[in-house]
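The structure appears below as structure tokens.
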Amino acid sequence: MSIDSITFNDKGYLTKNIQSQFASKIYEIMESSQDSSEESWTYIYKNSLEQKDLSFLTPADEIEKSFNSCFADFCDNKFSFFFRRLSNEVKDNVASSEASIIAYDFCNSEEFKELIARLTGRKIGNTDLFYINRFDKGHFLNTHTDSGNNVGVALNITQNWDPNFGGLTHILDQDRKKVVDTLTPGFAELFLFDTSEKQVPHFVSMVTANQKSRRMSVIARYGKA
């Protein structure tokens, strides 16, 4: 086993910058995501009552109501989230996205899957889940562990992100009382999480500023080969 795979299996997560291997493709995904129309991005949220995607055409007062319900649960320390996402699946009232198609093909490429296999020491199967997320001002993802039967990845496609703006991934101890590590989103920074043998509690802190360079990541979970 490699040092990276030993670290991954010991801690349950690993971070690795992969710009040297895939710079041109990650730039393409980033630029395509930045150029995606607002109509392509849904609002995805979860509160204690429901989880739902809202299209861009959803009335503003309904979007605000949904956010407020999620934020209320956030303040009560209940699992909740609110952010934007691009999916590779065509849904009602949601425009198709070239960025999600490019990113989906990249996540399922043999080169990328072989890299994940080397870094984790796991056999990597097909994607069980995929999307591109975007955290605007006020968006957050509360403490959780990733479900699945193998490996989850978050590939950051954000440039020049200032950690003062939030949007940091904080790793907690098993009691969920103490931050033991913080992962700052950086361009081509790959975060890998064990979704089967170890549970790694973590959360994405609330974004506190509007920036031209959006806080975005490609999210995928892989099953076993």
Side-chain angles (χ1 to χ4, degrees), residues 1-27 29-30 79 81 83 103-104 106-133 135 140-205 215-225:
M1 296 180 71
S2 67
I3 294 176
D4 287 323
S5 62
I6 291 172
T7 300
F8 175 81
N9 285 281
D10 178 53
K11 298 172 66 174
Y13 67 94
L14 178 72
T15 178
K16 196 80 171 178
N17 193 286
I18 60 172
Q19 183 171 354
S20 61
Q21 297 104 308
F22 297 108
S24 61
K25 179 56 67 174
I26 299 173
Y27 271 113
I29 295 170
M30 179 189 70
F79 179 49
F81 56 73
F83 54 87
Y104 182 79
F106 174 67
C107 287
N108 286 281
S109 68
E110 290 304 315
E111 294 85 356
F112 187 60
K113 290 168 68 173
E114 286 173 3
L115 172 66
I116 298 172
R118 290 198 303 271
L119 293 175
T120 63
R122 303 278 181 87
K123 293 182 178 180
I124 304 301
N126 296 325
T127 50
D128 296 329
L129 176 146
F130 166 85
Y131 58 86
I132 300 173
N133 68 25
F135 284 72
F140 63 92
L141 172 56
N142 215 344
T143 300
H144 66 289
T145 58
D146 290 315
S147 60
N149 66 1
N150 200 5
V151 175
V153 305
L155 174 60
N156 282 280
I157 53 173
T158 301
Q159 284 186 305
N160 305 317
W161 186 256
D162 189 326
N164 285 291
F165 298 151
L168 309 180
T169 301
H170 295 287
I171 310 296
L172 301 179
D173 63 11
Q174 290 301 310
D175 293 330
R176 304 189 178 199
K177 298 296 184 181
K178 182 180 179 181
V179 174
V180 297
D181 202 356
T182 297
L183 313 178
T184 302
F187 180 75
E189 202 74 21
L190 179 66
F191 302 151
L192 300 105
F193 291 92
D194 189 343
T195 62
S196 57
E197 297 180 18
K198 287 184 180 290
Q199 295 295 299
V200 182
H202 59 284
F203 67 94
V204 177
S205 61
R215 197 281 193 197
M216 299 184 298
S217 301
V218 178
I219 304 298
R221 292 181 196 165
Y222 296 89
K224 296 179 180 179

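What you see is a predicted model; the values in this text were computed from it and never measured.
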Of all the heavy-atom pairs spanning [X] and [Y], show the shortest one and how long it is.
{"X": "Leu141", "Y": "Phe135", "result": "N-CE2, 4.0 Å"}
{"X": "Pro201", "Y": "Thr143", "result": "CB-CG2, 4.4 Å"}
{"X": "Gln174", "Y": "Gln199", "result": "NE2-O, 2.9 Å"}

Value rounded to 0.5 Å, distance of [atom1] in [X] from [atom2] in [Y]:
{"X": "Glu189", "Y": "Ile18", "atom1": "CD", "atom2": "CD1", "answer": "9.0 Å"}
{"X": "Ile219", "Y": "Cys107", "atom1": "CD1", "atom2": "SG", "answer": "9.0 Å"}
{"X": "Lys178", "Y": "Ile171", "atom1": "NZ", "atom2": "CD1", "answer": "14.5 Å"}
{"X": "Phe8", "Y": "Lys198", "atom1": "CZ", "atom2": "NZ", "answer": "10.0 Å"}
{"X": "Thr145", "Y": "Arg176", "atom1": "OG1", "atom2": "CZ", "answer": "5.5 Å"}
{"X": "Asn9", "Y": "Glu197", "atom1": "CG", "atom2": "CD", "answer": "6.5 Å"}

With a 4.5 Å heavy-atom cut-off, do [X] and [Y] have their side chains touching?
{"X": "Lys113", "Y": "Tyr222", "result": "yes"}
{"X": "Thr15", "Y": "Asp181", "result": "no"}
{"X": "Phe83", "Y": "Met216", "result": "no"}
{"X": "Val179", "Y": "Leu172", "result": "yes"}
{"X": "Arg122", "Y": "Ile116", "result": "no"}
{"X": "Asn150", "Y": "Lys123", "result": "no"}
{"X": "Lys25", "Y": "Phe112", "result": "no"}
{"X": "Arg118", "Y": "Ser5", "result": "no"}

For the pair [X] and [Y], name the ring-plane relationship: parallel under 30°, tilted 30 to 60°, perpendicular over 60°.
{"X": "Phe79", "Y": "Phe81", "value": "perpendicular"}
{"X": "Phe130", "Y": "Tyr104", "value": "perpendicular"}
{"X": "Phe106", "Y": "Phe22", "value": "perpendicular"}

Q) side chain to side chain donor-acceptor pair (under 3.5 Å) with Arg221: which of Asp146, Asp128, Thr195, Thr127? A)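 Exactly one option meets the side chain to side chain donor-acceptor pair (under 3.5 Å) with Arg221, and it is Asp146.
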Exercise for the section: For the pair Asn126 (side chain) and Asn108 (backbone), establish whether a donor and an acceptor sit closer than 3.5 Å, ignoring hydrogens and angles. Expected result: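 Pair absent, no side-chain N/O of Asn126 close to backbone of Asn108.
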_Treating Trp161 as the side-chain partner and Gly166 as the backbone partner, does any N or O pair qualify as donor plus acceptor under 3.5 Å?_
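Side chain of Trp161 to backbone of Gly166: a pair is present.
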Practice problem: Would you check if there is a donor-acceptor pair between the side chains of His170 and His202 at a distance under 3.5 Å? | Solution: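 No pair is found: no donor N or O on one side chain lies under 3.5 Å from an acceptor on the other.
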Taking the six-membered ring for Trp, is the centroid-to-centroid distance between Phe203 and Phe140 below 6.0 Å?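 Between Phe140 and Phe203, which both carry aromatic rings, the centre distance is not below 6.0 Å.
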* Considering the options Asn156, Thr158, Leu155, which one meets the side-chain contact (heavy atoms from CB on, under 4.5 Å) requirement together with Ser217? ->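 Between Ser217 and the candidates, side-chain contact (heavy atoms from CB on, under 4.5 Å) is satisfied uniquely by Asn156.
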task: Would you mind telling me which of Ile26, Leu190, Leu115 makes a side-chain contact (heavy atoms from CB on, under 4.5 Å) with Gln21?
output: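 Of all the options given, the one that passes is Leu115.
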Q. Would Ser196 and Asn149 satisfy side-chain hydrogen bond (donor to acceptor under 3.5 Å, both in side chains), going step by step from the backbone distance to the final call?
A. CA-CA 5 Å; Ser196 57; Asn149 66 1; over 6 Å; no
Give the intermediate values and the outcome of side chain to side chain contact (heavy atoms under 4.5 Å, CB included) for residues Arg215 and Phe165. CA-CA 10 Å; Arg215 197 281 193 197; Phe165 298 151; over 6 Å; no
